[in-house]
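First the structure, in the form of structure tokens, and then the observations on it.
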Amino acid sequence: MKLGEACKTWGLFRLVNHEIPSTFLSQLLEEAKKLFSMEFETKQGAFNDSPLTYFWGTPALTPSGEALTRGTQNMNWVEGLNVPVNKLSRFQCQQHPVLESFRLVLVEYGNHLSRIATTLFEAMASNLNLHPENSKSYLSLPTGAIRVYRYPQCSNANVNTILGMDVHTDSSILSILNQDQAISGLELLKDDEWLTVAPISNTLIVNIGDMMQAMSDDEYKSVKHRVKVNKHKERISIGYFVFPDDDTVIESTKYKPFTYNDFRAQVQEDIKTCGHKIGLERFKLT
Ligand SMILES: O=C(O)CCC(=O)C(=O)O
Ligand SMILES: [Fe+2]
């Protein structure tokens, strides 16, 4: 099965038959550009008292949406918006037409993503022969979050050492990325080599996250990836991440039983104390 192969050897694949109109995917990226072109102060203030969070300099946030750390040493060249999908309808922003129109497209996009995540997860669970009872409770659509990113152009002389996003694996079950059609930036690590995931129009990128790696007893790979910045052009991308419920215990032969809540708490702790995520290693059976 092609899907299983891709998840085992790459941990990442392109999705073409997603049934989202290509005009809609481009519209999303255009709306995101408009949002980011607002004044910094407007972006900082617009989401106060809302479940959405504007952040910059790091993608690592606390559960309540604060930037976790923003070290001057390894600042990430990124600004973004974190959007819990199931809270979008509660956030009205009539006073900001740009935000309101973006919110409406995100609601529609969120519906597409829930549908795609469900279909993909069912196919993966069947490919892995996961116990049907387990697999049903593993994917929790209400945990879905969309992250909208802008990686500004970077004219700094050290552009090659500055990253839009540090090397990491996603903590999700799976992640779905809609990236700028014109500018590359995403790279994945394969056999100790960094490979560019070049954008192809009307194509989504799907990658396996840590939770799926654990559920699959390490058969599927939560792939290491990073984002480079461009000297001349900004890049926009929109990611979607879906998780198990906080309290669902993930059973596997390679890891101690743990919940996503345990995992997130450990990641937050490690970022605070070591400066970076350690991830699944922390839960490995020895
Ligand atoms: O912007 C991208 O291309 C990737 C973002 C990413 O890896 C993430 O949000 O986890
Ligand atoms: Fe990622």
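These numbers were taken from a predicted model, which means no experiment stands behind them. No hydrogens, no waters, no symmetry mates; every other heavy atom, side chains included, goes into these values. Note that ligands are numbered from 1 as they come in the structure, with each ligand's atoms numbered from 1 the same way.
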Legend entry - Heteroatoms of the protein, restricted to N/O/S, which lie under 2.8 Å from the Fe ion (ligand 2): H168 NE2, D170 OD1, H225 NE2
Legend entry - M124 vs M215 side-chain heavy atoms within contact, under 4.5 Å: no
Legend entry - Stepwise side-chain hydrogen bond (donor to acceptor under 3.5 Å, both in side chains) check, T259 with D262: CA-CA 5 Å; T259 63; D262 301 331; 3.1 Å; yes
Legend entry - Sidechain-backbone polar pair: N76 side chain, D166 backbone, donor-acceptor under 3.5 Å: yes
Inset, instruction - Enumerate the protein residues lying less than 4.0 Å from ligand 1, judged by heavy-atom distances, in chain and residue-number order. - result: Y149, Y151, M165, H168, D170, L177, L186, H225, V227, R235, S237, F241
Inset, instruction - Indicate yes or no: at least one non-hydrogen side-chain atom of I20 is less than 4.5 angstrom from one of I116. - result: yes
Inset, instruction - Check whether any side-chain heavy atom of P244 lies under 4.5 Å from a side-chain heavy atom of I250, and answer yes or no. - result: yes
Legend entry - 4.5 Å side-chain heavy-atom contact, L104 and E100: yes
Legend entry - Donor-acceptor contact below 3.5 Å, side chain D180 vs main chain A182: yes
Legend entry - Close side-chain approach of Y138 and Y260, heavy atoms under 4.5 Å: no
Inset, instruction - State, yes or no, whether a side-chain contact exists between R226 and W194 at a heavy-atom distance under 4.5 Å. - result: yes
